[in-house]
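Since the structure comes first, as structure tokens, the remarks are kept for the end.
Keep in mind that this is a model prediction, so the values were computed, not measured. A, B, ... follow the sequence lines: proteins, then strands. Residue 1 opens every chain.
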Protein chains: 2
Amino acid sequence: MAHAKVEHDVVIDKLMETFRSSGYDGASMAALAEATQLKKASLYHRFPQGKEQMAHAVLGYVAEWAKSRIENVLFSANAPEERLETALKAIDELYDGGRLDCILRALSHGSSANTFQKEIAAIFQTWLNAFKHLAMDFGHGEEEANKLANELTIKIQGTLILQRSLGQPSMFKEMLREMQEKFMHISH
Amino acid sequence: MAHAKVEHDVVIDKLMETFRSSGYDGASMAALAEATQLKKASLYHRFPQGKEQMAHAVLGYVAEWAKSRIENVLFSANAPEERLETALKAIDELYDGGRLDCILRALSHGSSANTFQKEIAAIFQTWLNAFKHLAMDFGHGEEEANKLANELTIKIQGTLILQRSLGQPSMFKEMLREMQEKFMHISH
DNA sequence: TTACAGGTACCGAACGATCGGTAAAGTCAA
DNA sequence: TTGACTTTACCGATCGTTCGGTACCTGTAA
């Protein structure tokens, strides 16, 4: 690398930060440039197809994150309790305890909705399958495991919205704790 | 009539439609004008403070809707089962079975987040209090009633996101049915 | 009936600012 | 000196907003 003053990973991270807090439409090139410490033209050098390519790059990073921090963890050979603990801790970090928006939600509305829909659906599906697999390792039946994975994912999204709207910073962590118990408890 | 007046209610409805599907930043004046069948200058005649005032007007309508279709229903003198049924049917209509976004969520992100936060929080609170009240009428304790109201609200938001992202049109209605049973069933 | 006044609703045209995007010159390591 | 990378300067389009003005309704007085 000859001249890379700003590392690629840092750029992606700052782009994600801007997209997730402003949304696709709200994240202007000027804002993305300021966040990454690059001039607009430099951003276009790295992402010739512009804003859309930047969002794709961010989604690629998120997909990779989901594979390494969720899928790989939940499909590993460790004890189910440990796998769950590790994955939920990663989720708590990802959203900074519920203080940060979900990038998938941010990119799935407004003018970018159709563009990224398939990519976003795939990530959600990876996520759901991984938690379903874990639930079955805990001894839940397939249908129950499906429900649990769905419930966790839905509650993450819903809680993020409600916590931010109501300004109650403890909702997210409490919800994660409750879902943790729900995964570990076999009901019948 | 050469200048057919466009009814205020219709304008509000079309504004809401545009804001909820495009978000605040994504809803351009051009789009709002096209949706309402009014020219941009005419919109400014009705809403002199511009886009922000339009969003406030929409939120005012939503607050009114929540009072008449949720609060008034859930605090009425009818049987709890009937109140619940009526309110959930209204919610199902509001979101067209999960096909439409939530206007509160649409306005609580991006550049409009801070502007409307208090107004949005108040509407959520009305909603939560009404369902808590109903849950207690079903015989749930206060803490349990709070949890149920929270769970319903969170699941509505989360399910809307997941249903749209995954393209599974039945999730929302199923979720409403499950929550209906959960309200009616006293666990201890 | 006519005539004019005031008010309401609407619209074409344009404003400065910002949008996403580009060309070409400058910078620096190999 | 090449070539990857950054920068300055700029583009047309669109942004939210404003202005000047037209069309129509209602009320009042001749």
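- For B:Asp25, the side-chain hydrogen bond (donor to acceptor under 3.5 Å, both in side chains) test picks out B:Ser111, with sequence neighbours left out.
- Salt-bridge formation is not detected for the pair A:Glu178/A:Lys155: no Lys NZ or Arg NE/NH1/NH2 atom is positioned less than 4.0 Å from an Asp or Glu carboxylate oxygen.
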Review item, side-chain donor-acceptor pairs of residues 121-131 of chain B, under 3.5 Å, at least two apart:
from, atom 1, to, atom 2, distance (Å)
B:Thr126, OG1, B:Ala122, O, 3.0
B:Asn129, ND2, B:Gln125, O, 3.4

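- The nearest whole Å value for the distance from the NE2 atom in B:His8 to the C1' atom in C:dA9 is 14 Å.
- Within a heavy-atom distance below 4.0 Å of DNA chain D, the residues of residues 44-54 of chain B found are B:Tyr44, B:Gly50, B:Lys51.
- Residue pairs meeting the ring-ring contact (aromatic ring centres under 6.0 Å, His included) criterion with at least one partner in residues 146-167 of chain A, sequence neighbours excluded, do not occur; the list is empty.
- Every side-chain hydrogen bond (donor to acceptor under 3.5 Å, both in side chains) that A:Arg99 has, sequence neighbours left out, goes to A:Asp96.
- Counting to the nearest Å, the C1' atom of C:dA9 and the CD atom of B:Glu7 are 12 Å from each other.
- The side chain to side chain donor-acceptor pair (under 3.5 Å) analysis of residues 71-91 of chain B, with sequence neighbours excluded, yields the pairs B:Arg83-B:Asp137, B:Glu85-B:Gln180.
- A straight line from CG of A:Leu38 to P of D:dT7 spans 7 Å, rounded to a whole angstrom.
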Please enumerate all protein N or O atoms sitting under 3.5 Å from an N or O of nucleotides 13-16 of chain C, with distances to 0.1 Å.
none

Side chains of residues 48-64 of chain A: which donor-acceptor pairs under 3.5 Å do they make with residues two or more places apart or in other chains?
from, atom 1, to, atom 2, distance (Å)
A:Lys51, NZ, A:Tyr24, O, 2.9
A:Lys51, NZ, A:Ala27, O, 2.9
A:Gln53, OE1, A:Gln49, N, 2.8
A:His56, ND1, A:Glu119, OE1, 2.6
A:His56, ND1, A:Glu119, OE2, 3.3

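- Evaluation of the side-chain hydrogen bond (donor to acceptor under 3.5 Å, both in side chains) rule for B:Asn150 yields no partner, not counting sequence neighbours.
- Applying the side chain to side chain donor-acceptor pair (under 3.5 Å) definition to pairs two or more places apart or across chains, those involving residues 157-168 of chain B are B:Asp101-B:Arg164.
- Every residue meeting the side-chain hydrogen bond (donor to acceptor under 3.5 Å, both in side chains) condition with B:Lys173, not counting sequence neighbours, appears here in chain and number order: B:Asp92.
- Within residues 12-31 of chain A, no residue approaches DNA chain D, by heavy-atom distance under 4.0 Å.
- Atom pair A:Lys39:NZ and D:dC10:C1' shows a separation of 15 Å (rounding to whole Å applied).
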